[in-house]
Amino acid sequence: MQIRRWVRGLGERGVLAAVDGVIVARPPVSNHGVVPPPHDREQLRTSHYEAVIGEIARYNDDAVVCLGVPFGHTRPQWILPYGGGIRLDGLTQVVTADYNRGAPSSRTIG
């Protein structure tokens, strides 16, 4: 699985050890030509998430990992704050994004 190699590369370079949290987008599991049944799409997402969690845990077992955030090539789509900040709260399962460097807005994951 390609995502496993990408995350492992971040770990081998020390990036994962240096962060407190990781946000992982919801993976694309269909395209315009192929739309698997819902059960298959869920299995693909689950295997993707398990691969990511396994690799992150190898390099930083204390990192907060937030999976399935709808950014990137997804619909609906959250916009990541360019130049702003993102806070992950693992206890409350809240992602807070500061889009205008002044007034953070919160989105609950779960």
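We're numbering straight along the sequence, starting at 1.
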Quiz: residues 39-46 side-chain donor-acceptor pairs under 3.5 angstrom, not counting sequence neighbours:
| from | atom 1 | to | atom 2 | distance (Å) |
| --- | --- | --- | --- | --- |
| R41 | NH1 | P36 | O | 2.5 |
| T46 | OG1 | E42 | O | 2.9 |

### Task
Taking side-chain contact (heavy atoms from CB on, under 4.5 Å) as the test, write out the residues that go with A63, two or more places apart.
I56, N60

### Message
Test question: given the 4.5 Å side-chain rule for I, L, V, M, F, W and Y, name all other residues clustered with L91, or answer none.
### Response
none

### Message
Are T96 and D89 packed together at the side-chain level, in the sense that at least one heavy-atom pair is separated by less than 4.5 angstrom?
### Response
no

### Task
Can you see which heavy atom on Y49 is nearest to which on G68, and at what distance?
OH-CA, 3.1 Å

Could you give the side-chain donor-acceptor pairs of residues 8-21 under 3.5 Å, partners two or more places apart or in another chain?
| from | atom 1 | to | atom 2 | distance (Å) |
| --- | --- | --- | --- | --- |
| R8 | NE | E55 | OE1 | 3.3 |
| R8 | NH2 | E55 | OE2 | 3.2 |
| E12 | OE2 | Y59 | OH | 2.3 |
| R13 | NH1 | G9 | O | 2.9 |

## Note on the structure
So the side-chain hydrogen bond (donor to acceptor under 3.5 Å, both in side chains) pairs with at least one residue in residues 21-37 (sequence neighbours excluded) are none

### Query
Given the rule that I, L, V, M, F, W and Y join up when any side-chain heavy atoms are under 4.5 Å apart, are V29 and V7 in one cluster?
no

### Query
Do L67 and I53 come close enough that some side-chain heavy atom pair is under 4.5 Å?
yes

